[in-house]
2 protein chains.
Amino acid sequence: MRSASDVTARARIRDAALARFGAEGVAGTSVRAVAADAGVSPALVLHHFRSKEGLRQACDEHVLDAIRSGGGADTSALGDVLRAATPVRRYLGRALLDGTEGASALFAEIVERTQEWLATGEAEGWARPTADARARAVTYVSWLLAPLVLGDQVGRLLGGDPADTATAVRGARAGLEMLTGGLFADDRWLTAFTAVDEQGSSR
Amino acid sequence: MRSASDVTARARIRDAALARFGAEGVAGTSVRAVAADAGVSPALVLHHFRSKEGLRQACDEHVLDAIRSGGGADTSALGDVLRAATPVRRYLGRALLDGTEGASALFAEIVERTQEWLATGEAEGWARPTADARARAVTYVSWLLAPLVLGDQVGRLLGGDPADTATAVRGARAGLEMLTGGLFADDRWLTAFTAVDEQGSSR
DNA sequence: GACGGGGCTGAACGTCTGTTCAATACTCTG
DNA sequence: CAGAGTATTGAACAGACGTTCAGCCCCGTC
């Protein structure tokens with residue numbers, strides 16, 4: 001076994017599957033289509049990965065390894081996700097929505113790391129205190145991942161090319177702006193929401 | 001034609017399709033499964049809607065009507081989305097990811113409304129000014145929709161029941177908190193990002 | 001009571017699916 | 001050079017798929 005090094009057929013198949021799975025979903029992708037993209041026969045796909053499900057698992061593991069090997073640097077997971085190649089992003093978005101085992105684990109992991117990171121920030125004074133650290137971390141991560149899942153929609157409205165890095169950067173800057181200065185100048189919406197919530201919970 | 005009033009078979013089929021499409025994707029759902037859920041024969045599904053694609057379009061229109069009829073009240077689209085029933089949310093999330101014609105239109109529409117709403121807020125003083133109003137509106141909407149698409153992940157980490165309203169409320173409050181007070185107390189991340197961006201754009 | 005039409009069905013169709021299997025081509029070990 | 005083992009293939013399978021069609025049933029109209 002020569003592991004995963006070059007453009008071995010196994011790797012070509014995995015990459016083709018990654019792209020197809022991300023673009024059209026796992027259920028919407030046939031083994032034959034993946035094989036055609038990789039330039040091999042359908043039988044070879046099943047030879048290398050035991051089944052279609054095995055192929056999906058292999059994609060999961062590959063994406064997870066690729067992202068995790070980026071290392072949790074100072075900017076937390078933000079950079080990891082933004083730096084990931086487009087097919088990987090698309091695949092990850094769909095895996096998160098499908099509730100894939102690997103994707104779910106990754107999500108939980110990122111939330112955990114983020115919560116610790118924010119706790120540190122709170123102690124060091126650069127992050128504001130919160131009443132519900134868990135909810136804040138979860139929501140923050142979901143925001144971070146939103147342009148990943150909704151990338152096509154965001155890209156379409158922000159500029160012609162959804163794959164263009166400049167587009168993603170423009171959105172990310174606007175996001176950081178909101179998180180730094182805040183979006184709302186007073187707490188009218190927060191109090192309004194609290195009112196609606198208490199009224200609604202009596203239903 | 002008695003239109004759509006009660007639990008007519010047509011409506012039952014549409015609702016069953018909505019739930020299935022949302023849970024397992026359009027490609028992952030068979031006409032036979034929808035028919036079984038609705039308690040009718042597969043042939044009837046094709047009789048009422050011309051094809052599987054026609055069924056998908058009918059779901060699109062129904063969801064859009066349901067959401068739009070909520071009316072754009074003062075809290076913008078936030079309430080509309082949160083109030084939508086769980087199957088509708090799930091369906092909408094997947095439709096947005098798939099880039100459905102209807103879902104894309106809805107997204108653009110919400111962004112437009114939100115941008116105007118934020119411009120008003122800017123004029124009235126309760127929304128902070130921004131350098132890129134468009135990017136801010138798009139990002140804000142994608143954040144609003146994030147828990148919708150990632151609902152399962154968020155729910156799982158925030159409490160046992162993803163369908164529970166209390167869970168969604170908890171996340172929404174944490175979000176509003178971040179948007180009101182801001183998350184970061186100083187602009188270290190904003191400047192850091194700018195630095196990385198300028199360095200990265202020279203690649 | 002005859003009749004027409006739409007809701008509804010069972011059975012069938014051709015096609016595509018994931019998967020299996022025997023056989024071939026290739027590559028390294030002895 | 002013989003042989004073992006892996007990469008790779010074409011052909012075939014059974015089942016599920018979307019879709020079609022002829023026909024039944026029920027209801028309101030003349």
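Below, all heavy atoms of this structure are taken into account, side chains as well, without hydrogens, waters or symmetry copies. Predicted, not measured: the structure shown is a model, and the values here were computed from it. We name chains A, B, ... by the order of the sequence lines, and we start the count at 1 in each one.
Taking the six-membered ring where tryptophan is involved, the planes of Trp117(B) and Phe184(A) are perpendicular, since the angle between them exceeds 60° and thus also 30°.
Partners of Arg170(B) under the side chain to side chain donor-acceptor pair (under 3.5 Å) rule, at least two apart in sequence or in another chain, are Asp132(A). Looking at residues two or more places apart in sequence or on another chain, you find a side chain to side chain donor-acceptor pair (under 3.5 Å) between Glu177(A) and Thr130(B). His47(B) is linked by a side chain to side chain contact (heavy atoms under 4.5 Å, CB included) to Leu44(B), counting only residues two or more places apart in sequence or in another chain. The salt bridge (charged side-chain N to carboxylate O under 4.0 Å, His left out) check on Glu101(A) picks up nothing, with sequence neighbours excluded. When the side chain to side chain donor-acceptor pair (under 3.5 Å) test is applied to Glu53(A), the partners found at least two apart in sequence or on another chain are Arg56(A), Gln57(A). When the side chain to side chain contact (heavy atoms under 4.5 Å, CB included) test is applied to Ala58(A), the partners found at least two apart in sequence or on another chain are Phe49(A). In this view, Leu106(A) and Leu64(A), Ile67(A), Arg68(A), Leu92(A), Ile110(A) satisfy the side chain to side chain contact (heavy atoms under 4.5 Å, CB included) rule, not counting sequence neighbours. Every residue two or more places apart in sequence or in another chain was checked for a side chain to side chain contact (heavy atoms under 4.5 Å, CB included) with Ala19(A), and none qualifies.
For Ser30(A) and dC16(C), the shortest distance from a side-chain N or O to OP1 or OP2 is not below 4.0 Å.
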Run the side-chain donor-acceptor check on residues 25-32 of chain A: report pairs under 3.5 Å with partners two or more places apart or on a different chain.
| unit_1 | atom_1 | unit_2 | atom_2 | d |
| --- | --- | --- | --- | --- |
| Thr29(A) | OG1 | Arg20(A) | O | 3.3 |
| Thr29(A) | OG1 | Gly25(A) | O | 2.8 |
| Ser30(A) | OG | Ala33(A) | N | 3.1 |

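We find that CG of Leu46(A) is positioned 6 Å from C1' of dT19(C), with the value rounded to whole Å.
Of all the residues in residues 48-59 of chain B, Ser51(B), Lys52(B) reach under 4.0 Å from DNA chain D with at least one non-hydrogen atom. Residues from residues 16-28 of chain A that place a heavy atom under 4.0 Å from any atom of DNA chain C: there are none.
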Taking only N/O atoms, report every protein-nucleotides 9-13 of chain C pair under 3.5 Å with atom names and distance.
| unit_1 | atom_1 | unit_2 | atom_2 | d |
| --- | --- | --- | --- | --- |
| dT9(C) | OP2 | Ser41(B) | N | 2.9 |
| dT9(C) | OP2 | Ser41(B) | OG | 3.2 |

